[in-house]
Amino acid sequence: MSSSSSDVVTVPTPPAPTPSRALPNGLAAFLVFFASGAVLVLETVSLRLVGPYVGVTLQVTSSVIGIALAAIAYGAWTGGWLADRRDPRGLLAPALILAGIAAAVTLPVVRYAGELLRGGAVSGILLLTALAVFVPAALLSAVTPLVVKLQLSDLRRTGQVVGRLSGIGTLGGITATLVTGFVLVAALPSTVILIGLAVALGVVGLALGVYLRRQEAAGLPGPTRAKAALAVLGLVAAGLSAVAPNPCDVETAYHCARVERDPARDGGRTLYLNSAQHSYVDLNDPTHLEYEYTQWIGAVADVLAPKGQRLDALHLGGGGFTMPRYLSATRPGTDNVVFEIDGELVDLDRRELGVRTGPGLRAEVGDARMLVGGEPADSRDLVVGDAFGHLVVPWHLATREMAAEVDRVLRPGGIYVQNVIDYPPGRFIRSELATVAAEFGHLALVAPPEAIAGRQGSNFLIVASNAPLPLEALRTRLGTVAKIPDMLAGSEVTRFVDGALVLTDDYAPVDQLLATA
């Protein structure tokens with residue numbers, strides 16, 4: 001049987017999408033710049049939002065960056081996929097408005113979830129950072145491929161268009177990072193920054209929708225009910241943001257800070273930084289030392305010089321100024337210099353904790369590592385290391401090079417005390433002891449017996465000098481505190497260190513050493 005051409009079945013080719021009219025170049029550049037910058041503002045602020053609940057450690061920072069990059073990748077992929085299937089002009093305004101709503105919702109979601117996920121567990125860190133960043137960042141990252149699709153009207157200029165818009169997006173991210181880090185965070189609380197970002201996204205999205213609708217009736221897609229639902233969702237987000245619990249009395253450039261009264265002690269005040277107890281002071285009695293580690297430091301000061309004998313003391317980290325106040329009260333005429341990186345915290349101490357700076361108590365605002373280099377050699381009798389980022393000693397203050405600077409500043413016979421927090425299996429305290437021992441010839445370690453045995457986390461106090469330490473006098477003085485700690489010295493310290501890593505500026509994995517096994 002013969003066949004004819006009439007027997008051939010032809011499959012119809014789907015009609016190509018109607019080409020969308022390109023946006024004006026200036027508008028396209030603005031949208032890409034604005035959306036990309038908004039992602040970086042969100043990323044920077046999110047780190048501060050989650051900090052009060054999970055800390056500001058390397059793991060938390062890495063989680064925020066990683067989740068943000070995942071959101072950028074997913075949003076760009078999805079935006080490109082949608083751009084090939086629908087008119088991008090009808091998607092741009094909803095993407096911006098939804099991103100604004102998601103940014104507003106982020107605030108109450110993080111603050112409510114943060115109370116449940118509080119702590120340093122990896123799963124909690126990843127989940128909380130995902131709640132803070134992923135949805136709004138993914139929506140914003142979809143904007144660039146939508147705009148690129150609209151601007152590709154001439155295939156001969158594809159590389160030029162894509163390269164130009166990609167560069168503009170990168171510039172938006174760089175600009176937002178610098179402005180947020182240097183200006184916004186220093187001037188405004190995170191709540192204000194995030195709500196301001198949400199409002200800006202909503203306004204730009206609505207304005208863009210109006211512009212596109214006037215151009216060719218391509219405003220917000222869907223029926224009136226969908227538009228009303230978006231409006232209601234935005235109002236709900238704003239309402240939740242307004243009533244969300246705020247863990248901060250004051251949000252400084254570095255900390256979420258608050259001061260609480262002690263109901264058991266009339267003048268007692270507790271300073272919380274990022275929701276962790278940081279300092280305790282008694283406004284009526286500066287000689288009262290509430291925390292065990294402060295009692296140990298007080299014991300070291302007492303054996304270094306009798307009460308009443310002035311000292312020249314340098315404090316790396318101010319916190320609530322507990323130890324400077326103690327030294328000034330017990331040794332009138334003592335010269336206390338405090339290096340505190342957070343100037344707004346110093347202001348809070350003045351307002352709430354009774355700190356009075358003057359000739360005997362000077363606060364220098366700046367990074368302790370930078371400031372200690374300007375101190376004269378052989379100028380201090382006592383150096384107190386009590387600087388923390390959440391519960392972690394900043395890595396650059398924990399290295400051998402930093403210990404060498406402290407040794408340079410101390411007079412012969414001077415003592416360096418360093419407060420360290422660690423948890424079983426105690427890898428960080430062992431490394432920090434090894435690091436300080438690399439520069440100081442005489443060391444002792446003070447801590448609760450359970451902590452030294454590796455059964456619990458605790459504060460540890462390293463006591464170091466290049467002259468023999470008054471060990472017997474210190475042991476006797478420590479025997480007068482409420483909870484008598486253990487003290488290791490000499491060969492006991494060597495056995496405890498057990499060949500641990502010496503931290504240097506080139507290699508100081510502090511966060512990893514602190515991670516529990």
Side-chain angles (χ1 to χ4, degrees), residues 267 279-339 354-363 375-386 406-419 436 440-447 459-490 493:
S279 301
Y280 185 102
V281 300
D282 188 327
L283 302 182
N284 302 324
D285 181 9
T287 66
H288 175 73
L289 301 176
E290 180 76 11
Y291 298 150
E292 291 179 48
Y293 83 91
T294 59
Q295 297 169 15
W296 306 337
I297 297 174
V300 173
D302 289 345
V303 300
L304 175 62
K307 289 186 178 180
Q309 178 179 323
R310 70 175 298 280
L311 290 170
D312 291 315
L314 174 63
H315 304 262
L316 311 178
F321 284 61
T322 304
M323 294 315 302
R325 286 161 50 91
Y326 173 82
L327 294 178
S328 293
T330 58
R331 293 161 178 80
T334 289
D335 179 40
N336 289 288
V337 175
V338 179
F339 294 161
V355 171
R356 298 290 180 266
T357 52
L361 177 54
R362 292 173 287 136
E375 285 291 291
D378 301 333
S379 60
R380 296 288 156 182
D381 303 303
L382 176 67
V383 175
V384 180
D386 194 18
V406 172
D407 181 33
R408 181 187 63 81
V409 170
L410 280 171
R411 292 181 177 127
I415 292 180
Y416 175 38
V417 291
Q418 183 184 6
N419 178 29
V436 176
F440 289 89
H442 302 270
L443 268 77
L445 176 66
V446 181
N459 292 85
F460 295 79
L461 188 70
I462 298 173
V463 185
S465 178
N466 268 325
L469 291 166
L471 295 176
E472 291 307 316
L474 180 56
R475 199 181 302 274
T476 300
R477 175 64 178 81
L478 289 171
T480 66
V481 303
K483 294 182 180 180
I484 301 175
D486 274 356
M487 186 177 78
L488 305 183
V493 171

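A donor-acceptor pair is defined here as one N or O able to donate and one able to accept, closer than 3.5 Å; such a pair exists between the side chain of Thr334 and the backbone of Leu311.
With sequence neighbours left out, the side-chain hydrogen bond (donor to acceptor under 3.5 Å, both in side chains) criterion links Thr287 to Asp285. Residues satisfying the side-chain contact (heavy atoms from CB on, under 4.5 Å) criterion with Leu283, sequence neighbours excluded, are Arg269, Val281. For the side-chain hydrogen bond (donor to acceptor under 3.5 Å, both in side chains) test, residues two or more places apart in sequence or in another chain that qualify with Asn466 are Asp407. Arg475 meets the salt bridge (Lys or Arg N to Asp or Glu O under 4.0 Å) test with no other residue; sequence neighbours excluded. Scanning for side-chain hydrogen bond (donor to acceptor under 3.5 Å, both in side chains) contacts around Thr294 gives an empty result, with sequence neighbours left out. Every residue was checked against the side-chain hydrogen bond (donor to acceptor under 3.5 Å, both in side chains) condition with Arg325, not counting sequence neighbours, and none meets it. For Asp335, the salt bridge (Lys or Arg N to Asp or Glu O under 4.0 Å) partners are Arg362, Arg380, not counting sequence neighbours. By the side-chain contact (heavy atoms from CB on, under 4.5 Å) test, Ser328 is found to be paired with Asn336, residues two or more places apart in sequence or in another chain being considered.
Within the structure, every pair that satisfies the ring pair (Phe, Tyr, Trp, His ring centres under 6.0 Å) test and touches residues 285-338, not counting sequence neighbours, is listed here: Tyr280-His288. The stretch residues 478-487 participates, sequence neighbours left out, in these side chain to side chain donor-acceptor pair (under 3.5 Å) pairs: Arg477-Thr480. Sorted by first and then second residue, the pairs that involve residues 304-324 and meet salt bridge (charged side-chain N to carboxylate O under 4.0 Å, His left out), not counting sequence neighbours, are Arg310-Asp312, Asp312-Arg411. Applying the salt bridge (charged side-chain N to carboxylate O under 4.0 Å, His left out) definition to pairs two or more places apart or across chains, none involves residues 462-473.
The distance from the CG atom of Leu474 to the CG atom of Leu304 is 10.5 Å, given to the nearest 0.5 Å. Within the model, atoms CG of Leu471 and CE of Met487 stand 5.0 Å from one another, a figure rounded to the nearest 0.5 Å. Atoms CD1 and CG, on Ile462 and Leu445 in that order, are 6.5 Å from each other to the nearest 0.5 Å. Between atom CG of residue Leu478 and atom CG of residue Asp302 there is a gap of 10.0 Å, rounded to the nearest 0.5 Å.
Of all heavy-atom pairs spanning Ile484 and Gly479, the tightest one is CD1-O, 3.5 Å. Listed here is the closest heavy atom pair of Asp378 and Pro412: OD1-CD, 4.2 Å. When every heavy atom of Ala467 is checked against every heavy atom of Gly413, the shortest pair comes out as CB-CA, 3.8 Å. The shortest heavy-atom contact between Leu361 and Pro324 is CD1-CB, 3.6 Å. Summarising the geometry of Ala444 relative to Leu469, their closest heavy-atom pair is N-CD1, 3.9 Å, with the distance given to 0.1 Å. Of all heavy-atom pairs between Gly320 and Val355, the closest is O-CG2, 4.2 Å.
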Self-check item: Working for side-chain contact (heavy atoms from CB on, under 4.5 Å), residues Glu290 and Thr322
Solution: CA-CA 10 Å; Glu290 180 76 11; Thr322 304; over 6 Å; no
Exercise. Begin from the C-alpha positions of Val446 and Val300 and carry the test side-chain contact (heavy atoms from CB on, under 4.5 Å) through to its verdict.
Key: CA-CA 10 Å; Val446 181; Val300 173; 6.0 Å; no
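Between Asn419 and Val417 the shortest side-chain heavy-atom distance does not fall below 4.5 Å.
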